[in-house]
2 protein chains.
Amino acid sequence: MLDVRKLRLLRELARRGTIAAVAEALAYTASAVSQQLSALEREAGVALLARSGRGVVLTPAGLVLVEHAEDVLAVLERASAAVAEAGGGLAGPLRIGAFPTAARTILPAALVELARRHPGLELRVDEVDPAEVPDAVRGGELDVALVHDYDFVPQQRDPGLDSEPLLTEAMFLASARPPEVGVDPIGWCRDLPWILGRPDTLCHLVAVRACQVAGFTPRVRHHADDFGTVLALVAAGLGVAMVPELGVGDPPEGVVLTRLPVHRRTQAAYRAGAGGHPAVAACVAALRSSVAARQSSHASPSARSR
Amino acid sequence: MLDVRKLRLLRELARRGTIAAVAEALAYTASAVSQQLSALEREAGVALLARSGRGVVLTPAGLVLVEHAEDVLAVLERASAAVAEAGGGLAGPLRIGAFPTAARTILPAALVELARRHPGLELRVDEVDPAEVPDAVRGGELDVALVHDYDFVPQQRDPGLDSEPLLTEAMFLASARPPEVGVDPIGWCRDLPWILGRPDTLCHLVAVRACQVAGFTPRVRHHADDFGTVLALVAAGLGVAMVPELGVGDPPEGVVLTRLPVHRRTQAAYRAGAGGHPAVAACVAALRSSVAARQSSHASPSARSR
DNA sequence: CATCCAGCATCAGCACAGCTTACGAATAAC
DNA sequence: GTTATTCGTAAGCTGTGCTGATGCTGGATG
């Protein structure tokens, strides 16, 4: 009988490439991971890893086992969800991860509704960058998380996660002066200083990619993750920025927003198989209704765009 | 994360009804099983067992979890099979269970072929009564086993096992004198002494059932499992018996065989999900070809029946 | 009704699986 | 050559999970 804990290590190894990375991600020492994987090989009776340089690579048999490990973990997750559904109803902890913008906009209403309808839930919200979300959800630190993928940023499909689309929003160019009419707004910013998110965040990456598609590399002058800060900097004439629709709730005076042909799709993600978990399903439903309520009540900032 | 070892205990509990029986079947003490199931309840966060009288019963949540446990175990078995297929090829131990008749007839040729084509396999055969087979296969003591179900004997479908049909054979009535023409052969034996298999075997049960269907309870005079012995007793005029086609390879002088409208179907069974395991698949294929070779070369004893 | 026994839970004790720390070997980068 | 990674092995320790003993409950028996 293969050990599921070890299969999880193998899956993480497939995703991260090195034993050291797996150990760091799952809060073990590299030694423990190495020993466990050796034991797994012994149980399987087949070589799963092969040394390559100073690292390891998965053998074909290892790759096959990883695929099946995904299945096993998903079915196990489904069992968890089913028993929660059948027995406890809606109670216990539910950890939600959200990026800062969502945590201020669509999340509060959803949390209020969730807490009202299911008082047994112990809701806990963590603000995390979307780039860290997949690992945190797979690792069990989060149960539900809001993530997005942008045009230009490849969304690698994670077989360990399932997700449901929540909303699609346009990106806007924020500038102090209106861009010229008839030209590509991003190209128009070729020589202007840019205000981007911190490196290694999705916000940062999407802006760089968009500029590369337009044929240039942005001159990054400022780094700021908070869109309020970003807009204040733009208003002060310190540069231009790309902001999503949710980030411009109340744009300050002196900021011109131009709708770009770039979108970001926000999704609710959870562990593969956990979609049937009552708390997860309720959370996703609450997020949906919060999004719907927002879209019907708020005027889109596109009214201010050209 | 639910623990698969504990899920296995829960599944066995659902099948056997008492913690003590689970413990005995899996070679644990009842204390260990009780502790593990308590731990499982803690992990699940839901009551899975409830005391009922001096035993326990599964709660609705427990039943739900059992169903999913079957899935988990089957998927895990499939993972095992896949990695064996991808990596080791055909090597390692393969434990085969067979009832005595098959062990003498269709099994030897299959084993020879299997050993010839896959010398890496360490074949091991155990002779077991079909009634004990499901537990032994589920418990991992056997990998493949030959089982049969008879007309009249309910074959309860075991969700932990998969099976493939191998052959269907007729049952024969063995008697010293030919039965009257035109009457039900079994009914004709109403007042004759019967020779049956040992109690608690399928052979015993099917004969009793067949007689009950004919409207009487057989007077059991002798017990013998070996069909050679049974036929010798019949030839000596000590009673009548029901024997399957495979059991009458070379009937002694003085035995009259009468084909009955009762059949038994022989199947190859293995753990759910293990059908993709190369050694299991090869074994089943070898059994099939052995059966096919037998059927084409041997004249059916029906030639001697009336 | 008193007794007996089957079945389960709890407790204490112990063994082993599995983790950490420490160290060494191999390889890539500089 | 030197250094930094990365992995594997050895030694030691801790916690999980097993056994065996004990007590409790509820059905069976006379």
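Below, chains carry the letters A, B, ... as their sequence lines are ordered, and counting in each starts from 1. This structure is a prediction, so every number in the text was calculated from the model and none was measured.
If you measure from atom CZ of A:R51 to atom P of C:dG24, you get 17 Å, rounded to the nearest angstrom. Distance B:D3 CG to C:dG18 C1': 14 Å, rounded to the nearest Å. One can place CZ of A:R42 at 13 Å from P of D:dG8, the figure rounded to the nearest angstrom. Rounded to whole Å, atom P of D:dG17 lies 16 Å from atom CG of B:L26. A straight line from CG of A:L58 to P of D:dC7 spans 12 Å, rounded to a whole angstrom. Computed from coordinates, the B:I19 CD1 to D:dC24 P distance equals 19 Å when rounded to whole Å. Rounded to an integer number of Å, the gap from B:L13 CG to C:dC8 C1' is 11 Å. If you measure from atom CG of B:L49 to atom P of C:dA9, you get 7 Å, rounded to the nearest angstrom.
Here A:A30 lies out of heavy-atom contact (under 4.0 Å) with every strand. Here A:T29 lies in heavy-atom contact (under 4.0 Å) with a base.
The aromatic rings of A:H223 and A:H204 lie parallel to each other, with less than 30° between the two planes, well short of the 60° mark.
Judged by closest nucleotide on DNA chain C, B:V56 is the one of B:V56 and A:A27 placed further toward the 5' end. Heavy-atom distances to DNA chain D give each of B:A39 and B:S31 a nearest nucleotide, and the one nearer the 5′ end belongs to B:A39. Each of A:S52 and A:Y28 lies near DNA chain C, and the nucleotide nearest A:Y28 is the one positioned closer to the 5' end.
A sub-4.0 Å separation between OP1 or OP2 of D:dG8 and a side-chain N or O of A:S34 is present. For D:dC18, one of the phosphate oxygens OP1 or OP2 lies less than 4.0 angstrom from a side-chain nitrogen or oxygen of B:Q36. Residue B:R5 places at least one side-chain N or O closer than 4.0 Å to OP1 or OP2 of D:dC18.
Classification of B:E43 and B:K6 as a salt-bridged pair holds, one side-chain N sitting under 4.0 Å from a carboxylate O.
Taking every heavy atom of both residues into account, B:H118 and B:A282 meet most closely at NE2-CB, 3.7 Å. Residues A:G275 and A:A281 come closest through the heavy atom pair O-CB, 3.9 Å. B:R138 and B:R271 make their closest contact through O-CD, 4.1 Å (heavy atoms, listed as atom of the first residue, atom of the second, distance).
Comparing C:dC19, D:dG8, C:dC8 by their nearest atom to the side chain of A:A32 picks out C:dC19.
Side chain B:Q35 to base D:dT19: a donor-acceptor pair is found below 3.5 Å. Contact of B:R54 with D:dT25 (side chain to base): no donor-acceptor pair of N or O atoms is detected under 3.5 Å.
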